[in-house]
Amino acid sequence: MSEITLPVYSDVAAAAGRIKGHAHQTPVLTSRTVNEEFGAEVFFKCENYQRMGAFKFRGAMNALSQFSDEQRAAGVVAFSSGNHAQAIALSARLLGIPATIVMPSDAPAAKVAATRGYGATVVEYDRYTQDREQIGRDLATERGLTLIPPYDHPHVIAGQGTAVKELMEETGPLDVLFVCLGGGGLLAGSALASRHLAPDCVIYGVEPEAGNDGQQSFRSGKIVHIETPKTIADGAQTQHLGQYTFPIIQQNVNDILTVSDEELVNCMQFLAERMKMVVEPTGCLGFAAARAMKNELRGKRIGIVISGGNVDIARYAHFLAGN
Ligand SMILES: *Cc1c(COP(=O)(O)O)cnc(C)c1O
């Protein structure tokens, strides 16, 4: 394997400068009810209010704004059916870069429409017979496009880290931080920011129970691959951590926790009812893990990243009515 250079805190700080004026500085919200329930001070960093509805805009914008003139002229390609697609499409439109997004032909119509709405060209593939990474790589080679992956890229990781940088600059150093974990771009970036701004903060990554490849990897010391997990947390249905994200997580994160889909639904209901927030299932991972261990958190100052709010409205209604 070729040598790689891992991003560091100064890359997160540089990313913050680059995305300023494009990304929102999202609100940090608190809830008296939550503070009383925990006997602690809990700060929610609300990336559901980020542009396009999730933190992924930060990493995409940071990556695309570093393209050379040739890269800008040729364009960007990404493969995703979720928030990364919209993040790349919106960033590309803002920077005047042509974008091609590879999406499964059975992707929700609303997501395809949103991606096209940002001006991107959508290339469909059959998820059962075709390999999207291969299609993405072929497009990149044939048309000279630059491929930006959803998490395993130093500029993406540095961009994602700006959310926790903003959080801790607002709240001061925290004692414990809970971050959702899919492929690890958000967790790795958050860990770089947190280790710099609050060296003693305990950092937890949180995965869906059914897709605990990150926990297995963290505990065994090597990247574990799994089948696409069945969970309502569709933003965390990744099969493995990456060559950039894993070492940063290994070096800086204290542990990886898991929560069940049922706990995610309870949190979605709570956040809607008490805090009037629409949060997608994946966005509830951090809060669900914190609630499960709240007895150990008494008296602490706690940060929770709410990662996104993009959920199909009929599906959301079903979750709120459910159980
Ligand atoms: C992508 C995503 C995640 C997981 O982020 P990774 O960087 O892949 O770990 C979590 N929540 C939401 C809303 C996402 O879109």
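All ligand and atom numbering here is 1-based and tracks the order in the structure.
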Heavy-atom proximity to atom 8 (O) of ligand 1, picking from Ala236, Gly183, Gly82, points to Gly183

Check: Going through the distances and angles, do Arg291 and Glu263 end up as a salt bridge (Lys or Arg N to Asp or Glu O under 4.0 Å)?
Finding: CA-CA 9 Å; Arg291 277 184 119 187; Glu263 290 173 285; over 6 Å; no

So CD of Glu280 and CD1 of Ile232: to nearest 0.5 Å the spacing works out to 10.5 Å

Rounded to the nearest 0.5 Å, the CD1 atom of Ile226 sits from the CD atom of Gln239 at a distance of 7.0 Å

For Thr282, the atoms of ligand 1 under 4.0 Å from one of its heavy atoms are 10 (C), 11 (N)

Taking only non-hydrogen atoms of Gly185 and a 4.0 Å limit, the atoms of ligand 1 in range are 6 (P), 7 (O), 9 (O)

Decide whether Val12 and Phe55 are clustered together by the hydrophobic rule: side chain heavy atoms of Ile, Leu, Val, Met, Phe, Trp, Tyr closer than 4.5 Å, transitively. yes

Side-chain heavy atoms under 4.5 angstrom apart, residues restricted to Ile, Leu, Val, Met, Phe, Trp, Tyr: same cluster for Val102 and Leu64? no

The single option from Phe218, Phe287, Phe178 that satisfies ring pair (Phe, Tyr, Trp, His ring centres under 6.0 Å) with Tyr204 is Phe178

Nearest non-hydrogen protein atom to atom 14 (C) of ligand 1, with distance, is Lys56 NZ, 2.9 Å

Near Asn83 (heavy-atom distance under 4.0 Å), the atoms of ligand 1 are 13 (C), 14 (C), 15 (O)

Within 4.0 Å of some non-hydrogen atom of Gly308, the atoms of ligand 1 are 13 (C)

Within 4.0 Å of some non-hydrogen atom of Phe55, the atoms of ligand 1 are 1 (C), 2 (C), 3 (C), 5 (O), 10 (C), 11 (N), 12 (C), 14 (C)

**Study point:** Heavy atom of Gln160, distance to ligand 1 below 4.0 Å
**Key:** no

Could you check whether any side-chain heavy atom of Tyr244 comes within less than 4.5 Å of a side-chain heavy atom of Ile4, counting everything from C-beta outward? yes

So for Glu280 against ligand 1, with non-hydrogen atoms under 4.0 Å, the contacting part is side chain

- Query: With a 4.0 Å cut-off on heavy atoms, is Gly283 touching ligand 1?
  - Reply: no

Take Lys300 and Glu41, measure what salt bridge (Lys or Arg N to Asp or Glu O under 4.0 Å) needs, and give me the verdict at the end.
CA-CA 6 Å; Lys300 306 258 192 240; Glu41 261 188 294; over 6 Å; no

For Gly235, the atoms of ligand 1 under 4.0 Å from one of its heavy atoms are 1 (C), 2 (C), 3 (C), 4 (C)

Common cluster, Leu6/Leu241, ILVMFWY with side-chain heavy-atom separation under 4.5 Å:
yes

Going by the 4.0 angstrom heavy-atom rule, the piece of Glu47 near ligand 1 is neither

- [ ] Indicate yes or no: does an N/O atom of Ser307 lie under 3.5 Å from an N/O atom of ligand 1?
- [x] yes

For Gly184, the atoms of ligand 1 under 4.0 Å from one of its heavy atoms are 6 (P), 7 (O), 8 (O), 9 (O)

The reported gap from CE in Met52 to CD in Gln86 (rounded to nearest 0.5 angstrom) is 5.5 Å

Please determine if Leu181 has a nitrogen or oxygen closer than 3.5 Å to a nitrogen or oxygen of ligand 1.
no

